[in-house]
Asker: 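Attaching a single structure in structure tokens format; questions to follow.
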Amino acid sequence: MVRPMPPRSGPIVVSDALLVTQDAGRRVLRGDLRIEEGRFTHVGPRAPREGAEVLEGRPFAAVPGFINAHTHVAMAPLRGIADDRELSGFLETLFAVDARRSERDVEAGARAGIAEMLLSGTTSFLDLYYFEDSIARAVESLGIRGFLGWAVLDPELTTQKGRPIDNARGFIERWKGNARISPLVAPQGVYVCNSETWIAAKELAQSTGTLCHFHLSETRREVHEHQAKTGDRPVVWLDKIGFFGSRSVAAHAVWLTGQEIDLLARHHVGIAHCPSSNLKLASGGVAPVVELRSAGAVVGLGTDSVASNNSLSMLREMHIAGLVQKNQRWDASVLSAQELLDLATVGGAQILGRSDLGTLEVGQRADFSLVRLDHPTLVPARPEAIVSHLAYSAWEEAIDSVFVDGVPVVRERALVRADWSAIRSEAEAAADALWSARPS
Ligand SMILES: [Zn+2]
């Protein structure tokens, strides 16, 4: 059933909910939220009701929307297409199928991926792909917030029509200034980008005031091959060629030396930690999240694509991120539940350069979800345990409603602005064509 979209969202009050504020004191308190014109105007006891639609918040925790700091959302129809193989074999299949994609099936895939994210409480995502105009249209139609990176690589290696860097520039020019869409440039990685491509991407990011997003040091093989080719490990090499300096976010950052960790922190490179993808593709190592954070780097959390995860749920990603760090270090105290929720909210906001996202505070953009406290995975629904439940136990089906800019995009576990059965049948049709193109 399609739920009609209110023509213009007026003030909303969520009354008497358990507010997981993620403010500086990380306060959890019972109280009200008032939202006007896309922002919180009241967070705390008894908000004014004048002119507002009042939503009964007592059965819910109100939680900042999750920020997925690295994904390829349009790959939804490719879930399961290249399981159980390591990165090089995985990429071989993916590149062969990717080369066959059309703008139409990218849009269908993006709609399915965005639906999955909204229904699991994600309100912002950072994407790396091509045909990003199709993904931008999917973002607009479903009401999520998209940070969309047009993938660039060396012209002789791409299947894109035209030069990737020119395509990225055109994409940024077309979408810059959009309220929900932040276009950006995204060099794919050192294995397909030479120094000219990296510098062109940096200059494009600087001249347009946009972010630069890229894959970095995901596998040992990538690091060793780059070292054999250039004499330097990827981070050292990027520093030498003068790439750092624009606002940037690196995905993965698994295989780093102490020197590289310091370089990333010094250049304020945000890190998108993607533990599920690293584990499933058997990257072997575990990203040095603790060392990165203590060196001063800001870390967020990403799911990567459904071809390598195979979920877009940030609830699952927090859970995995915590377990893998604790186990690898023989130390149950590292990456606490609170720190995991920080990665998924304020950490993501910081690496995107968006201090107006990630918390429930007056003046912030009203991106949040209402999580059912009566769900079995949230028992006992005690205020002092809610952060632990979010990080370690909550299921996606506990997410009841989701708001972006104060506008409802999910209510009672249904998409507000689109019909899931239509999204699903378009994604299945896209999958039919793509799966038949996979190499045997
Ligand atoms: Zn990726």
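Whatever order the structure lists ligands and atoms in, that order sets their numbers, starting from 1.
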Asker: Assess H215: does it contribute an N, O or S atom lying under 2.8 Å from the Zn ion (ligand 1)?
Answerer: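 It does; at least one qualifying atom falls short of 2.8 Å.
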Asker: So, is H70 placed with an N/O/S atom under 2.8 Å from the Zn ion (ligand 1), counting both backbone and side chain?
Answerer: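 Coordinating: yes.
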Asker: If only side-chain N and O atoms count, and only distance matters, is there a donor-acceptor pair under 3.5 Å linking E140 with W175?
Answerer: no
Asker: For the aromatic rings, using the six-membered ring if either is Trp, is the centroid distance between H252 and H273 under 6.0 Å?
Answerer: no
Asker: Would you say Q364 and T359 are linked by a side-chain donor-acceptor pair, where the criterion is simply a distance under 3.5 Å?
Answerer: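 Yes, because at least one side-chain N or O of T359 sits under 3.5 Å from a partner of the opposite role on Q364.
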Asker: Working to 10°, measure the angle at the Zn ion (ligand 1) formed by atom OD1 of D304 and atom NE2 of H72.
Answerer: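 Taking the Zn ion (ligand 1) as the apex, the two atoms subtend 80°.
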Asker: Between E397 and R413, does any NZ, NE, NH1 or NH2 come within less than 4.0 Å of an OD or OE carboxylate oxygen?
Answerer: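 Result for this pair is no, no salt bridge flagged.
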